[in-house]
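Notes for the one structure printed next.
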There are 2 protein chains.
Amino acid sequence: MVDGTTGGEGLLFLTDEQLRKGIEAMFFAYRGFTADPDRILEGMDYGRAHHRAIHFIHRSPGTTVSNLLSILGVTKQSLNRVLRSLVEDGLVESRVGKQDKRERHLYLTAKGAELERALSDAQRARMRAAYRAAGPAAVQGFRTVLEAMMDPELRRQYQGLRDGNA
Amino acid sequence: MVDGTTGGEGLLFLTDEQLRKGIEAMFFAYRGFTADPDRILEGMDYGRAHHRAIHFIHRSPGTTVSNLLSILGVTKQSLNRVLRSLVEDGLVESRVGKQDKRERHLYLTAKGAELERALSDAQRARMRAAYRAAGPAAVQGFRTVLEAMMDPELRRQYQGLRDGNA
DNA sequence: AATTTACGTCAGCCTTGTTGACTTTCCAAG
DNA sequence: CTTGGAAAGTCAACAAGGCTGACGTAAATT
């Protein structure tokens, strides 16, 4: 049924050893992936959690807190702590919803956008170098495998740019 | 061959939007990547840090503490806390080096190997499903891009199975 | 003999996650 | 109009897992 035993050529890319290499590749690559933003953030009062919030507010300006909660997959208390400091420091603006005044819509301020740019420039530079070194076909495969690795719910978050706002 | 600046069609895979998608793909995929082991570990007294130690001890039986330190990229105090609990709980054995008695060589016990298997079975199952869904060519690209994304030093760790031991 | 290396440990701090309890605001259904 | 409940915010307490600094010990190296 799941086969794996197709006789013949035999799916070498599915051996335990190949899978282990894939696992370690994810581990080491993720370190590289976060290294540059981490370096920028260290010293400032911020960490990765702030980076993530800034990233997704940038991607979806006007997103609500609960929207962000479901994307980031943390508790509101945890997110709130991060958001509060960003708002206090004037990087993020929180506007009361017009239609539903319970909701808060989040936007980067000019200052917030500036930090976002610094962070994503660094991260994109690494990604660009990796893409360039690997070539378009490899990039295609990279994206395909990553997508298949996501939880279905997260895959929807990833694909769906639908963030409603209001 | 890999061209680069072929004018004309113009490297669509290097646009900022493509790079942003790649960044988010890493973010969401990594969540999936760690989800299954995290589920197994929750409830036990262990976390991701224990998983990582167990993984690399399994990969390189007899590896030393400082070896592990350089692979994991944490401080010895941090690693020691993890290692101590694993040794106390009888998952890891720490043997004094024969040649150099300052060194401690780390091995999984039967019990440790059992947990390792549970964790890596879960992680491999997801990886296998992703690989199978994506196909061999995509897997090749996936590995190529991840490798290009690593810091050079980590890439050496990743590639070099040389862990000496003693 | 002196120094360096490998390891362990104590103490304290930070970030970022968690629960639980509680309040305020406000939409929407009865 | 009243009320139930969703959305958001807040306080408090806690844990995991990073970090630094300081110190100790045994063994190897110089």
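In the text below, chain A, chain B and the rest are named by the order of the sequence lines, each starting its count at 1. Keep in mind that this is a model prediction, so the values were computed, not measured.
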Using a distance-only criterion (donor-acceptor N/O pair, under 3.5 Å, no hydrogens), is the base of [N] paired with the side chain of [X]?
X      : N      : value
A:K76  : D:dA8  : yes
A:R102 : C:dT25 : no
B:Q77  : D:dG17 : no

Between [N] and [X], is there an OP1 or OP2 to side-chain N/O distance shorter than 4.0 Å?
X      : N      : answer
A:R104 : D:dG9  : yes
B:N80  : C:dC7  : no
B:R84  : C:dG8  : no
A:H50  : C:dT15 : no

Using whole Å, what does the distance between atom [atom2] of nucleotide [N] and atom [atom1] of [X] come to?
X      : N      : atom1 : atom2 : answer
A:E42  : C:dT16 : CD    : P     : 13 Å
A:R95  : C:dT25 : CZ    : P     : 22 Å
A:K98  : C:dC26 : NZ    : P     : 15 Å
B:N67  : C:dT5  : CG    : C1'   : 15 Å
A:L69  : D:dG9  : CG    : P     : 9 Å
A:R48  : D:dG17 : CZ    : P     : 14 Å
B:L79  : C:dG8  : CG    : P     : 8 Å
A:E103 : C:dC26 : CD    : P     : 12 Å

As a test of reading the structure: which of D:dG17, D:dA8, D:dC11 is closest to the side chain of A:T64, going by heavy atoms?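 Of all the options, the side chain of A:T64 is nearest to D:dA8.
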Strictly by modelled atom types, are [X] and [Y] linked by a side-chain donor-acceptor pair under 3.5 Å?
X      : Y      : result
B:Q159 : B:E147 : yes
B:T63  : B:H105 : no
B:R48  : B:T34  : yes

NA contact type, [X], heavy-atom cut-off 4.0 Å: base, sugar-phosphate, or nothing?
X     : result
B:R81 : base
B:G73 : sugar-phosphate
B:T75 : base

State whether the side chain of B:T109 and the backbone N or O of B:E93 hold a donor-acceptor pair below 3.5 Å, judged by distance alone.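 No; zero donor-acceptor contacts below 3.5 Å.
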Is it the case that the side chain of B:S60 and the backbone of B:I57 share a donor-acceptor pair, with hydrogens and angles ignored and the cut-off at 3.5 Å?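 A pair under 3.5 Å: no.
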